[in-house]
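In what follows, a structure is listed as structure tokens, so that the remarks can point back to it.
The analysis underlying the following values was restricted to heavy atoms, covering all of them including side chains, and did not include hydrogens, waters or symmetry mates.
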Amino acid sequence: MLNKYPAWKNGLILLAIVLGMVYSAPNLFPDDPAVQVSHEDQEVSEADLGRMTMALQEVGLGYFNETLTDGTALVRFNTLDDQLRGKSI
């Protein structure tokens, strides 16, 4: 096959393809349904996160992760229905 284009043009096209693949890679991973709790005046504490998880356990709602970072609590759920029920609790 005869290549009529200079090497830098082929390299530029290859670079565009690689960058496109890198930027589209996060779309391969599914979203996690979650509820994020924050407060504008004060930070959410470890005790608040404990009360949230205890309320979810009392109802029997399944979640698989809870984190507390920078005064914001995040609870991840297994399904979207659990997320909606967790939001109301």
Side-chain angles (χ1 to χ4, degrees):
M1 178 160 83
L2 184 64
N3 190 357
K4 298 179 188 177
Y5 300 104
W8 69 269
K9 285 185 181 179
N10 289 329
L12 186 63
I13 290 172
L14 184 64
L15 179 68
I17 290 171
V18 168
L19 284 176
M21 291 175 72
V22 167
Y23 279 109
S24 66
N27 293 326
L28 299 174
F29 301 102
D31 293 335
D32 283 337
V35 173
Q36 183 177 5
V37 178
S38 62
H39 195 277
E40 58 185 50
D41 292 340
Q42 59 188 4
E43 294 184 355
V44 178
S45 67
E46 189 73 36
D48 296 330
L49 182 61
R51 282 193 298 253
M52 288 169 36
T53 56
M54 285 228 314
L56 293 173
Q57 288 172 355
E58 286 175 2
V59 177
L61 199 58
Y63 64 93
F64 66 90
N65 189 9
E66 74 272 351
T67 57
L68 183 66
T69 53
D70 297 332
T72 301
L74 182 71
V75 179
R76 296 176 193 259
F77 295 95
N78 297 321
T79 64
L80 290 173
D81 293 334
D82 290 345
Q83 177 192 19
L84 293 175
R85 287 181 53 207
K87 180 182 174 187
S88 66
I89 292 173

Separation between [atom1] of [X] and [atom2] of [Y], rounded to the nearest 0.5 Å:
X	Y	atom1	atom2	result
Asp82	Arg76	CG	CZ	15.0 Å
Glu66	Glu46	CD	CD	8.5 Å
Tyr5	Leu12	OH	CG	13.5 Å
Leu80	Arg85	CG	CZ	13.5 Å

If every non-hydrogen atom of [X] is compared with every non-hydrogen atom of [Y], which pair is closest and at what distance?
X	Y	value
Gly86	Val35	C-CG2, 4.5 Å
Gln83	Phe77	CA-CD1, 3.7 Å
Gly71	Glu43	CA-CB, 3.6 Å
Ser45	Leu68	C-CD2, 3.8 Å
Met52	Val75	CE-CG2, 3.6 Å

Q) Does Leu74 offer a backbone N or O that forms a donor-acceptor pair with the side chain of Gln36 under 3.5 Å? A) no
Q) Hey, is the main chain of Ala7 close enough, under 3.5 Å, to the side chain of Asn10 for a donor-acceptor pair? A) no
**Q.** Over 12 foreign heavy atoms within 6.0 Å of CG, Asn65
**A.** yes
Q) Taking the side chain as C-beta and beyond, is there a heavy-atom pair between Asn78 and Phe64 under 4.5 Å? A) yes
Test of understanding: clusters of I, L, V, M, F, W, Y form through side-chain heavy atoms closer than 4.5 Å, transitively. Do [X] and [Y] belong to the same one?
X	Y	result
Ile13	Met21	yes
Leu49	Leu56	yes
Ile89	Val37	yes
Leu84	Val59	no

